[in-house]
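These values consider heavy atoms only, across backbone and side chains, with no hydrogens, waters or symmetry-generated copies. Both ligands and their constituent atoms are indexed starting at 1 by order of listing.
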Amino acid sequence: MSFLLLISFFFILLLSNLSPSLSQQTHFSSSDFPWLPTQNKILLSRNKVFAAGFKQIRSSPNQYTFSVWYYNIAGNNTLVWSAETSSAIDGTSSLVITNTRQLRLINSANQTLWNTGNSNSTGLELNNEGNLVFGNWQSFDFPTDTILPNQEMSNGTAAITSMNGKFRFQDYKNLVFDSSKYPGQQKFSQYWSIDNAFLNLEETGMVKQENGASLVSSDFGESGKFRRLTLDDDGNLRIYSFDSKISDWEVVWLAVQEMCTIHGTCGPNSICMNDASNSDPTSCVCPPGFKQKVNDKSSCEVKIQFNNNPGNTQFLQLDFVNFSAGSNQTYKTVQNFSMCQSSCLADPKCLGFGFRYDGRGYCVLVNYLLYGYWSPGTELAFFLRVDKSETDKSNFTGMTSLLETTCPVNISLPFPPNESDTTTRNIVIICTIFAAELISGVFFFWGFLKKYIKYRDMARTFGLELLPAGGPKRFTYAELKAATNDFSNLIGKGGFGDVYKGELSDHRVIAVKCLKNVTGGDAEFWAEVTIIARMHHLNLVRLWGFCAEKGQRILVYEFVPNGSLDKYLFPASRVPSLDTETETEMESVGNTGSSNSKPILDWSIRYRIALGVARAIAYLHEECLEWVLHCDIKPENILLGDDFCPKISDFGLAKLRKKEDMVSMSRIRGTRGYMAPEWVKMDPITPKADVYSFGMVLLELVSGVRNFDMQGSLMESEDWYFPRWAFDKVFKEMKVEDILDRQIKHCYDSRLHFDLVDRMVKTAIWCLQDRPEARPSMGKVAKMLEGTVEITEPKKPTIFYLVDE
Ligand SMILES: *[C@@H]1O[C@H](CO)[C@@H](O)[C@H](O)[C@H]1NC(C)=O
Ligand SMILES: *[C@@H]1O[C@H](CO)[C@@H](O)[C@H](O)[C@H]1NC(C)=O
Ligand SMILES: *[C@@H]1O[C@H](CO)[C@@H](O)[C@H](O)[C@H]1NC(C)=O
Ligand SMILES: *[C@@H]1O[C@H](CO)[C@@H](O)[C@H](O)[C@H]1NC(C)=O
Ligand SMILES: *[C@@H]1O[C@H](CO)[C@@H](O)[C@H](O)[C@H]1NC(C)=O
Ligand SMILES: *[C@@H]1O[C@H](CO)[C@@H](O)[C@H](O)[C@H]1NC(C)=O
Ligand SMILES: *[C@@H]1O[C@H](CO)[C@@H](O)[C@H](O)[C@H]1NC(C)=O
Ligand SMILES: *[C@@H]1O[C@H](CO)[C@@H](O)[C@H](O)[C@H]1NC(C)=O
Ligand SMILES: *[C@@H]1O[C@H](CO)[C@@H](O)[C@H](O)[C@H]1NC(C)=O
Ligand SMILES: *[C@@H]1O[C@H](CO)[C@@H](O)[C@H](O)[C@H]1NC(C)=O
């Protein structure tokens with residue numbers, strides 16, 4: 001033992017001799033004190049993962065913190081613990097051990113800046129988990145803004161606090177903002193909470209919670225990764241993993257999806273807006289009638305005070321804006337809008353009110369405009385009270401145009417003419433019905449909205465609901481066997497497994513997918529399924545639960561009644577003769593009823609389907625933390641619900657399989673027409689591969705023809721390639737009509753539909769660009785379809801492979 005000590009002593013001596021500027025030790029004994037910031041000494045954990053010592057504050061060079069950090073990664077700048085001192089540590093301060101065995105930070109005037117309290121030790125050690133231990137004192141009991149794997153949260157102080165002191169993770173349960181500076185407000189204002197308090201973060205990336213609950217990071221299970229849970233200065237709580245490939249920390253879980261809902265992001269009277277295109281994701285803007293404060297850019301002040309004459313005011317409507325003011329707001333249930341408005345008028349202090357159009361009379365009066373944010377997920381419009389002489393107009397609009405493109409809208413469609421009887425008469429009738437529908441549509445659209453549009457669905461469309469912390473429901477095999485009547489009603493077969501229809505005991509109709517060839521253990525499966533189940537979007541098929549028993553891997557989905565898009569787009573008579581490989585891929589979670597008289601999808605329905613699918617994929621790519629590539633977008637995977645609201649199925653399943661399998665599988669699976677060039681060239685697969693597939697679907701929506709089916713039958717040319725052909729028709733020959741679906745070509749009215757169809761085709765061509773970088777992101781695609789961004793003329797797609805193999 002003493003021999004070992006001697007060796008290590010010798011080693012330390014050698015080391016300090018070799019590099020006199022830096023001393024690294026794994027144990028500090030009393031002889032190493034006092035420890036001065038200028039000494040350039042650090043205490044290393046034995047595994048050399050963590051270091052402790054004085055760290056210079058970069059913005060003020062003569063100031064230090066006494067901290068623990070991840071050693072030698074990310075520029076030594078990931079602090080995981082710091083001593084909370086009463087005032088700044090400067091170069092003359094020192095860390096000493098007192099004769100009462102306290103570790104104490106003192107300044108040159110011998111004032112205590114920080115201390116550990118009495119201990120029973122004289123040596124300081126940093127253990128392999130990043131815990132700084134001094135006898136019975138340990139830093140793990142006094143976390144600052146970070147929790148490390150294996151650090152029990154319940155043992156130490158009851159909260160972690162962000163570095164800037166503005167936010168706390170109270171009781172490891174509630175995220176709160178320190179609102180004490182706002183008059184009349186409570187000390188803390190809560191903006192996020194979880195039912196079961198966090199207990200600890202495991203090395204695997206799982207957070208254990210009270211009551212046996214848990215949640216997992218997106219890279220759960222990947223071993224040998226450094227991780228941490230940190231409350232950042234922007235008020236969001238995140239789990240980070242260190243990715244050694246890019247040598248940086250990567251976010252693998254976060255609490256708040258919408259940054260603007262974090263209280264205190266903007267100051268009073270200001271509205272926080274998300275701007276994903278910007279490097280700074282949030283910005284603070286002033287509502288109409290208000291201007292930016294001179295000394296505080298994140299706050300606003302009113303231009304004309306109405307206080308002297310509250311009777312002489314007007315209201316400005318701010319769509320999708322929510323203000324809340326804790327104790328300074330009053331909830332009311334009212335019969336109608338005008339009652340809510342007059343309650344506000346009656347109160348001289350009322351600065352505005354929020355009202356929900358869902359018929360339930362939700363009304364909230366506010367007399368302090370705090371925590372304002374804009375989000376299409378809010379279910380209300382805010383009516384801001386300003387002076388009558390105010391001339392500013394509200395530019396927070398768009399509720400109406402958004403509702404127009406949101407599902408579900410109750411619409412009836414014409415059925416196709418009988419095959420034997422396709423006379424002009426029928427065409428005339430259909431076109432008349434369609435034209436009548438279009439004209440009257442404008443009028444009774446509002447009627448539809450009032451009745452059928454649920455604002456909650458709208459929130460889901462944008463994926464803004466907070467995710468429930470729990471996982472999906474776990475079904476037993478027996479339950480599912482009973483629900484599906486012993487798996488008797490087979491409704492689809494697919495690459496991932498067979499699909500059966502069933503009904504749960506609570507009468508929910510379900511589609512049960514029995515997976516085959518799923519790799520990985522129980523925990524892994526559970527983790528993946530949890531991630532899939534977390535994705536809520538109106539245009540995604542909902543996953544309600546799963547079963548993992550006796551080697552069975554079963555997913556339980558909502559049942560989508562109207563079957564898949566291909567049945568409507570490609571009528572039976574023209575279903576291409578697919579090879580057997582492809583045929584097994586044909587599937588739908590929905591009804592595969594073989595009725596041939598499917599209604600014809602009109603232009604506006606097709607447009608709505610395109611938009612819904614684009615928004616859902618954009619949600620998968622951009623809103624979800626982990627990139628979930630669908631990897632198999634095609635009409636068969638787009639199911640149609642009530643009112644032909646599209647729902648994407650099979651998303652996320654690729655995660656259940658190994659990456660290598662995916663590559664080879666996709667090639668065998670033969671959904672050739674939809675695969676991006678990257679798959680063939682063996683280039684890395686990015687979200688842009690889904691963009692490509694979506695582009696194909698978009699062209700098919702317009703043309704009603706399978707992209708690989710037209711070849712040969714219609715075209716002679718050797719190098720025929722659907723996107724090129726469509727490009728030439730639209731941009732060279734200027735004959736859009738030539739590519740339109742023959743079923744409804746007659747109904748195409750260039751005045752009414754040109755804009756819609758033109759947008760769909762141009763967007764499709766952009767999606768079908770050969771180089772992934774040239775394709776727009778899915779979010780941009782959705783905007784292009786919506787018509788909110790200008791679409792420039794795309795380049796002609798190049799041929800990447802000939803369809804014949
Ligand atoms: C971390 O700090 C040590 C000494 O304190 C230094 O040798 C090392 O190069 C630093 N690592 C990085 C990545 O900056
Ligand atoms: C510093 O203060 C401590 C008590 O706070 C005292 O015990 C110690 O003697 C003082 N040291 C000096 C050098 O004054
Ligand atoms: C200090 O006390 C703790 C128990 O409180 C004990 O486990 C530890 O061994 C003691 N350390 C020393 C150096 O006496
Ligand atoms: C935390 O407390 C639990 C009991 O509540 C104890 O078993 C565990 O050792 C403590 N962990 C640390 C790091 O002190
Ligand atoms: C908020 O309400 C409290 C009491 O309810 C009141 O004292 C305070 O003045 C109000 N703040 C504003 C800005 O109206
Ligand atoms: C709103 O409800 C009140 C009370 O029921 C009623 O007196 C009033 O006429 C209603 N206003 C409108 C515009 O319907
Ligand atoms: C408005 O925001 C507050 C919190 O900031 C939230 O509690 C409330 O539910 C929101 N209202 C709506 C209608 O979204
Ligand atoms: C509204 O207009 C103001 C001033 O013109 C601008 O600063 C603000 O960003 C606009 N808000 C929106 C939502 O466009
Ligand atoms: C659509 O309208 C029909 C009757 O016109 C009704 O039976 C059906 O339930 C409605 N669908 C929805 C989703 O409201
Ligand atoms: C089409 O055929 C169905 C029976 O298959 C019949 O009921 C219907 O009237 C026919 N429609 C027309 C327009 O002839």
**Message:** Only heavy atoms of Asn322, strictly under 4.0 Å: list the atoms of ligand 7 that pass.
**Reply:**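 Ligand 7 atoms under the 4.0 Å threshold to Asn322: 1 (C), 2 (O), 3 (C), 8 (C), 10 (C), 11 (N), 12 (C), 14 (O).
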**Request:** Would you check whether Asn72 has a nitrogen or oxygen atom less than 3.5 angstrom from a nitrogen or oxygen atom of ligand 1?
**Result:** yes
**Item:** Min N/O separation Tyr371 to ligand 7 under 3.5 Å
**Value:**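 In fact, backbone or side chain, Tyr371 has no N or O that close.
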Nearest-neighbour protein heavy atom for [atom], which is reported as residue plus atom name and distance:
| atom | result |
| --- | --- |
| atom 7 (O) of ligand 1 | Tyr71 OH, 4.3 Å |
| atom 4 (C) of ligand 1 | Leu22 CD2, 3.9 Å |
| atom 10 (C) of ligand 1 | Asn76 ND2, 2.5 Å |

**Request:** With atom 5 (O) of ligand 7 as the reference point, say which of Cys260, Ser189, Ser324 has the nearest heavy atom.
**Result:** Ser324
**Prompt:** Looking only at heavy atoms, what is the nearest atom pair of Glu129 and Asn150, with distance?
**Reply:**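 Result for this residue pair: OE2-ND2, 3.5 Å.
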**Prompt:** Is there a donor-acceptor pair under 3.5 Å between the side chain of Gln151 and the backbone N or O of Phe140?
**Reply:** yes
**Message:** I'd like to know if the side chain of Ser179 and the backbone of Gln186 have a donor-acceptor N/O pair within less than 3.5 Å.
**Reply:**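 Yes.
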**Prompt:** Does the distance from a Lys or Arg side-chain N to an Asp or Glu carboxylate O, for Glu390 and Arg385, drop under 4.0 Å?
**Reply:**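 Salt bridge between Glu390 and Arg385, a charged N being under 4.0 Å from a carboxylate O: no.
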**Lys NZ or Arg CZ of Lys41 over Phe28 ring: under 6.0 Å, within 45°** =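 Satisfied, under 6.0 Å and within 45°.
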**Prompt:** If you count the non-hydrogen atoms of other residues, nucleotides and ligands that lie under 6.0 Å from CD in Glu203, is the total more than 12?
**Reply:** no
